[in-house]
Amino acid sequence: MILTLEYRRSPAHYLAARSLSGSALTGRAAGMFAANLSPLRLITRPDPTRPGEGWTRVRPLLSGICGSDLGLLTGRNSPYLSAVISMPFTPGHEVVGLTLDDLPDLPRGSRVVLDPVLGCRARDIPPCEHCAAGEQSRCDHITGGRVAAGLQTGFCASTGGGWSRMLVAHHSQLHVVPDQLDTDRAVLVEPLACALHSVRRVPVPEGASVLVVGAGTVGLLTVLALRECTPAGPIYVIAKHAHQRERARDLGATEVFSASQATRTLRRATRAFLAHPERGDEYLLGGVDIAFECTGGSGLATALRLVRAGGTVLLSGLPGQDVDLTPVWFRELNLVGAYASGGRDFPTALALAPEAKLDGYVDAVYPLSRWREAIGHAAAAGRLGSVKVAFDPTRD
């Protein structure tokens, strides 16, 4: 028997949690109320069973709390995804853990990070065209095969998730953590792999001007990926909090500023023209070449207003708000999505993580028994000076 946090579908709880979006509650208070209202419960259940050959049980050492997890608990995630989720499931897809079974070339007791995408290979079915091309994040078969529907581990009833003391994972999902990479950094490998995937989704020409909207975990790791893996020129970052501004500069940002300063700062930097509509926010005619929206949707309107005609806006987070798409039409923008990571991104992330300036990124770790407090902290991480909040399921 294992301790696990389990999420069950409940329309009443969903609507109650979603109502917080329009309430006066913010930050930690909103996170804790969302946790209480959500159909998430700490329970004891039987150990998960391996679906077949090539699978192992994994004991999580650390499991991060992601923005998509918070969106689920607050009712902000789109119902679009309900077709590719199976209930009940245990959340948690940013996982570093120990394998509990022997697999070929992966002995029991190996320290691994999890690529959570459940593509064709894990499902033991013939590969779709995307999986055959190494693009598992685009898999067309995420509702079939050996395991229940689920776009990822952490949203699949068959596999369990990282917010528990045990899950099951397929060999193809697991990457061995090198000895020189400590566990606190290893839990950042999955979001770093996602950031690497996002910067590879669009061409970044040499010297291109880039804007990163948001400086939470996704935004900061995107700055790192841009500096390490592209020939980008100036990288501008919109950050809400002082500690985020400092970290963004450490990772190579050229200039960091608040959302209220962004339009006029970038007007000067890019020699753009400032347009003032009759209603709504001002915007640029001109602007940066590329913008990465890393807030989970709330910064998309800002990104669209600050990119030059013919430029590109990349969605690194799950969209969560209605946005005026007029700039996409009028300025002929390229709007691109980046979901999860690609097959080559985990090795690169594992190589970057030991030497990157990521000290102190995981500074709040909770046992499963304090899950309400953990979710409240994660919801207010920026204001509280944190980057990544995580569970340590091994702690009582």
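Note that these values count all heavy atoms, side chains included, but never hydrogens, waters or copies made by symmetry.
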Report task. Spell out, as yes or no, whether a donor-acceptor pair under 3.5 Å connects the side chain of Arg50 to the backbone of Arg57. Result -> no
Query raised in the report: Atom CZ in Arg138, atom SG in Cys131: separation rounded to 0.5 Å?
Result: 11.5 Å
Report task. For the residue pair Glu255 and Thr265, confirm or rule out a side-chain donor-acceptor distance under 3.5 Å. Result -> no
Report task. Take Thr312 and Asp289 through the test side-chain contact (heavy atoms from CB on, under 4.5 Å) and record every step on the way to the result. Result -> CA-CA 7 Å; Thr312 297; Asp289 298 314; over 6 Å; no
Query raised in the report: Do the non-hydrogen side-chain atoms of Leu221 and Leu358 ever get within less than 4.5 Å of each other?
Result: yes
Query raised in the report: Should Asp396 and Arg165 count as an ion pair when the cut-off is N to O under 4.0 Å?
Result: yes
Query raised in the report: Is there a donor-acceptor pair under 3.5 Å between the side chain of Ser341 and the backbone N or O of Asp345?
Result: no
Query - Over 12 non-hydrogen atoms of neighbours within 6.0 angstrom of CZ in Arg395 - result: yes
Query raised in the report: What are the two closest non-hydrogen atoms of Val202 and Ile290, and how far apart are they?
Result: CG2-CG2, 4.4 Å
Requested in this report: Report whether Ile375 and Val362 are members of the same hydrophobic cluster (ILVMFWY, side-chain heavy atoms less than 4.5 Å apart, transitive linking).
Outcome: no
**Report entry** Side chain proximity check, Glu282 to His276, heavy atoms < 4.5 angstrom
**Finding:** yes
Report task. Indicate yes or no for a side-chain donor-acceptor contact from Asp392 to the backbone of Leu62 under 3.5 Å, with no hydrogens or angles considered. Result -> no
Query raised in the report: For Ser158 and Arg146, does a side-chain donor sit closer than 3.5 Å to a side-chain acceptor?
Result: no
Requested in this report: Please report the shortest heavy-atom distance between Val288 and Ser209, naming the atom on each side.
Outcome: CA-OG, 3.4 Å
Requested in this report: Please work out whether the ring planes of Tyr236 and Phe257 are parallel, tilted or perpendicular, with thresholds of 30° and 60°.
Outcome: tilted
Report task. Output yes when a side-chain donor or acceptor of Thr230 lies under 3.5 Å from a complementary backbone atom of Ala232, and no otherwise. Result -> yes
Report task. Verify side-chain contact (heavy atoms from CB on, under 4.5 Å) between Cys194 and Val218, making sure each step is shown before the conclusion. Result -> CA-CA 8 Å; Cys194 293; Val218 175; over 6 Å; no
Requested in this report: Answer whether the closest heavy-atom distance between the side chains of His130 and Asp140 falls below 4.5 Å.
Outcome: yes
Query raised in the report: Which heavy-atom pair separates Leu333 from Gly310 by the least distance, and what is that distance?
Result: CD2-N, 4.1 Å
Requested in this report: Answer yes if the side chains of Thr99 and Thr56 hold a donor-acceptor pair under 3.5 Å, and no otherwise.
Outcome: no
**Report entry** Euclidean distance, Cys229 SG relative to Leu196 CG, rounded to 0.5 Å
**Finding:** 5.0 Å
Query raised in the report: Are Val307 and Val213 in one and the same hydrophobic cluster, where Ile, Leu, Val, Met, Phe, Trp and Tyr link if side-chain heavy atoms are under 4.5 Å apart?
Result: yes
Query - Transitive ILVMFWY side-chain link Leu167 to Ile43, under 4.5 Å - result: no
Query raised in the report: Is Val387 reachable from Val212 through a run of hydrophobic residues whose side-chain heavy atoms are each under 4.5 Å from the next?
Result: yes
Report task. For Leu106 and Val112, run side-chain contact (heavy atoms from CB on, under 4.5 Å): C-alpha distance rounded to whole Å, both residues' side-chain angles, the deciding distance at 0.1 Å, then the answer. Result -> CA-CA 10 Å; Leu106 191 66; Val112 293; 4.1 Å; yes
Report task. Please assess Arg331 against Leu285 for the test side-chain contact (heavy atoms from CB on, under 4.5 Å), listing each intermediate value before the final yes or no. Result -> CA-CA 9 Å; Arg331 306 302 287 161; Leu285 297 175; 3.8 Å; yes
Query raised in the report: More than 12 non-hydrogen atoms from neighbouring residues, nucleotides or ligands closer than 6.0 Å to CD on Glu355, yes or no?
Result: no
Query raised in the report: Hey, is the main chain of Lys240 close enough, under 3.5 Å, to the side chain of Gln244 for a donor-acceptor pair?
Result: yes
**Report entry** Heavy atoms of other groups near Gln180 CD, more than 12 under 6.0 Å
**Finding:** yes
Query - Neighbour count above 12 (heavy atom, 6.0 Å) for Arg59 CZ - result: no
Report summary line: Taken to the nearest 0.5 Å, the spacing of Phe346 CZ from Leu114 CG works out to 7.0 Å
Query raised in the report: Does Ala157 offer a backbone N or O that forms a donor-acceptor pair with the side chain of Ser86 under 3.5 Å?
Result: yes
Query raised in the report: Between Lys357 and Asp250, is there a side-chain N and carboxylate O pair less than 4.0 Å apart?
Result: no
Report task. Determine the sole option in Phe89, Trp371, Phe155 for which the ring-ring contact (aromatic ring centres under 6.0 Å, His included) test with Tyr7 is passed. Result -> Phe89
Query raised in the report: Does any non-hydrogen side-chain atom of Val176 lie less than 4.5 Å from one of Arg111?
Result: no
Query raised in the report: Can you get from Tyr361 to Leu352 by hopping between Ile, Leu, Val, Met, Phe, Trp and Tyr side chains that sit under 4.5 Å apart?
Result: yes
Query raised in the report: Can any side-chain N or O of Arg245 pair as donor or acceptor with the backbone N or O of Val256 at less than 3.5 Å?
Result: no
Requested in this report: Verify the neighbour count for atom CZ of Arg370: are there more than 12 heavy atoms of other residues, nucleotides or ligands below 6.0 Å?
Outcome: yes
Query raised in the report: Taking C-beta and beyond as the side chain, do Gln173 and Trp55 meet within less than 4.5 Å on heavy atoms?
Result: yes
Query raised in the report: What's the shortest heavy-atom distance between Ala356 and Arg185, and which atoms?
Result: O-NH1, 2.8 Å
Query raised in the report: Within the distance-only criterion (no hydrogens, no angle test), does the side chain of Thr254 pair as donor or acceptor with the backbone N or O of Ile235 below 3.5 angstrom?
Result: yes
Query raised in the report: Thr348 and side-chain contact (heavy atoms from CB on, under 4.5 Å): which partner among Arg200, His197, Glu228?
Result: Arg200
Report task. Using a 4.5 Å cut-off on heavy atoms from C-beta on, say whether the side chain of Glu293 contacts that of Ser316. Result -> no
Query - Backbone N/O of Gly382 and side chain of His243: donor-acceptor pair under 3.5 Å - result: yes
